[in-house]
Amino acid sequence: MAPKPKYVSRKFIDLIQGATSKWANWDPPREIKVGDYGMINNETGEFEWEGNLYTTRNEIKIDMTDPALEPQQQEGGDNKFIVKTWGITTKEVNVSAEAASPGAVNIALKVEIQFEGGSPAAALVMYKPRYIYLPKDERIIKLLKSRPDVLKGKYIVTEVITCAAYVMYMSDQKAENFSVTLQATGPVAPALNAGGAAGFTWSSVNTTGIYREGSDSTTKYMPLYRLKKPRSKFWWLPGQRGNDDKEDPIDKWDDVDPPWDPLDDEGEEDEIYDAVRSYVFLIRT
């Protein structure tokens, strides 16, 4: 059974988050920046922006324009980044990366995807990934600690993966095989950065599920990001019992879990899980 239309985004995001601990951006052209903070919408699974660390007023005179505090960037080691959930196998088809004459159509990427069926599954294919992340600088920690009135309890975007083109796909319970191909107008090599001048076009064969794509060369897509939150002791006051006075570095923060209960195949919160949880609560009380 396919997810209900109003829960499609939440189901896809939930599947990707369960496979990677990262969050899918259901609308990849929508900008999500490193340093953003906010919450997750329980109905749609989408990030609700409230502000950004780099523009939040701080009274401890930290210059967030210091180059050392700027988000760090790193090219992906491969020309693709594929996320797949349980029940999916993928195979990249070898294509020629030889330079061609201007205007020629080259195959930049071709991926064959197989869904075993039985339950909904999701895949996310990104071409030319680029990783952007918060630097490990104690001044960022100091900034957060100085503004508990604004930042306590909020989720913080610590990493964003951008790309030049993407495909999102979610199947229902059917077993199926299909392929996606990314064609580039002009040479595939040398490698192109996200937002490069070459033209891209996706094509797909035998898709029957929910399919979304993007390949506009003037757009920087942001299909995937990581949300973290400082551990509870991060906000303890100096001298408070249990406070060890040690900073809590970003890489030690907790990944954000979905705010909803486990979802059924239609994307709704599982009533059986709710019933069991309520029964356990009554017993304990």
query: Do the side chains of Leu224 and Met168 join up, straight or via other hydrophobic residues, at under 4.5 Å, putting them in one cluster?
result: yes
Heavy-atom closest contact (Lys136 atom, Asp251 atom, distance): NZ-OD2, 3.5 Å
- prompt: Side-chain donor-acceptor pair under 3.5 Å between Glu46 and Asn41, yes or no?
  reply: no
From CA spacing to verdict: side-chain contact (heavy atoms from CB on, under 4.5 Å), Leu69, Ile62: CA-CA 10 Å; Leu69 289 175; Ile62 294 177; 4.0 Å; yes
Short N-O contact, Asp63 and Lys61, less than 4.0 angstrom: no
field: CA sep, side-chain torsions, deciding dist, call: Met126, Leu124, side-chain contact (heavy atoms from CB on, under 4.5 Å)
entry: CA-CA 7 Å; Met126 289 171 280; Leu124 170 60; 4.0 Å; yes
- prompt: Parallel, tilted or perpendicular: which describes the rings of Phe178 and Tyr169, with under 30° parallel and over 60° perpendicular?
  reply: tilted
message: Is there a side-chain contact (heavy atoms from CB on, under 4.5 Å) between Leu109 and Val125? Walk through the geometry before answering.
response: CA-CA 10 Å; Leu109 180 67; Val125 179; 3.9 Å; yes
Using distance only, find each side-chain donor-acceptor pair of residues 17-25 under 3.5 Å and give its atom names and separation, not counting sequence neighbours.
unit_1, atom_1, unit_2, atom_2, d
Gln17, NE2, Val256, O, 3.3
Thr20, OG1, Ile16, O, 2.9
Thr20, OG1, Lys22, N, 2.9
Thr20, OG1, Lys22, O, 3.4
Trp23, NE1, Val256, O, 3.4
Asn25, OD1, Asp27, N, 3.3
Asn25, ND2, Asp27, O, 3.2
Asn25, ND2, Arg30, O, 3.0
Asn25, ND2, Met222, O, 3.0

task: Kindly indicate whether the side chain of Tyr7, heavy atoms from C-beta on, has any atom under 4.5 Å from the side chain of Glu266.
output: no
query: Have Tyr37 and Thr56 got a donor and an acceptor in their side chains that come within less than 3.5 Å?
result: yes
- prompt: Which of parallel (below 30°), tilted (30 to 60°) and perpendicular (above 60°) describes Phe200 and Tyr127?
  reply: perpendicular
- line: dist Gln73:CD -> Ile132:CD1 (nearest 0.5 Å) comes out at 4.5 Å
message: Side chains of Ile88 and Ile113, heavy atoms from C-beta outward: is any pair under 4.5 Å?
response: yes
query: Rounded to the nearest 0.5 Å, what separation is found between the OG atom of Ser203 and the NZ atom of Lys110?
result: 8.0 Å
query: Donor-acceptor pair, Glu269 side chain versus Asp261 backbone, under 3.5 Å?
result: yes
message: I'd like to check Val111 versus Val167 (side-chain heavy atoms, cut-off strictly below 4.5 Å). Are they in contact?
response: no
- prompt: Are Ile140 and Tyr155 linked, directly or through other ILVMFWY residues, by side chains that come within less than 4.5 angstrom of each other?
  reply: yes
field: Spacing of Asp172 atom CG and Ile210 atom CD1 [to the nearest 0.5 Å]
entry: 8.0 Å
query: Quick one: does Trp253's side chain get under 4.5 Å of Thr158's, heavy atoms only?
result: yes
field: Minimum side-chain heavy-atom gap Lys6-Glu43 below 4.5 Å
entry: no
query: Looking at side-chain heavy atoms only, is the closest gap between Asn177 and Asn206 below 4.5 Å?
result: no
task: Would you please classify the geometry between the Tyr166 ring and the Tyr221 ring as parallel, tilted or perpendicular, with 30° and 60° separating the classes?
output: perpendicular
- request: Identify whether Tyr54 and Leu144 are in the same connected component of the hydrophobic contact network (ILVMFWY, side-chain heavy atoms under 4.5 Å).
  value: yes
message: How close do Arg139 and Asp66 get, counting heavy atoms only, and between which atoms?
response: NH1-OD2, 2.9 Å
message: Hydrophobic cluster membership, with links at side-chain heavy-atom distances under 4.5 Å among I/L/V/M/F/W/Y: are Val205 and Phe115 in one?
response: no
- request: Working to the nearest 0.5 Å, report the span between OG1 of Thr85 and CG of Leu15.
  value: 5.0 Å
field: Audit row: Thr44, Arg10, side-chain contact (heavy atoms from CB on, under 4.5 Å) steps and yes/no
entry: CA-CA 5 Å; Thr44 65; Arg10 183 171 74 171; 5.8 Å; no
- line: When rounded to the nearest 0.5 Å, the distance separating OG1 of Thr208 from NZ of Lys174 is 5.5 Å
message: If we ignore hydrogens and angles and just use 3.5 Å, is the side chain of Arg226 paired with the main-chain N or O of Tyr133 as donor and acceptor?
response: no
message: Please determine whether residues Ile40 and Val150 belong to a single hydrophobic cluster, defined as Ile, Leu, Val, Met, Phe, Trp and Tyr linked transitively by side-chain heavy-atom distances below 4.5 Å.
response: yes
Approximate separation, where rounding is to 0.5 Å, of Met170 CE and Lys11 NZ: 8.0 Å
statement: All heavy atoms of Val83 vs all of Phe81, minimum pair found to be CG2-CE2, 3.8 Å
query: Between Gln72 and Glu70, is there a donor-acceptor pair closer than 3.5 Å when you use the side chain of the first and the backbone of the second?
result: yes
task: Looking only at non-hydrogen atoms, find the nearest pair between Ile161 and Pro223 and report the distance.
output: O-CD, 3.3 Å
message: Measuring only between side-chain heavy atoms, which start at C-beta, is Lys33 closer than 4.5 Å to Trp49?
response: no
field: Short side-chain to backbone donor-acceptor contact, Trp86 and Ala121, under 3.5 Å
entry: no
field: Student check: side-chain heavy atoms of Val180 and Glu213 closer than 4.5 Å
entry: no
field: Heavy-atom pair with the smallest gap, counting every atom of Pro120 and Asp265
entry: CD-OD1, 3.3 Å
- request: Could you tell me which non-hydrogen atom of Gly153 sits nearest to which non-hydrogen atom of Met39, and how far apart they are?
  value: O-SD, 3.6 Å
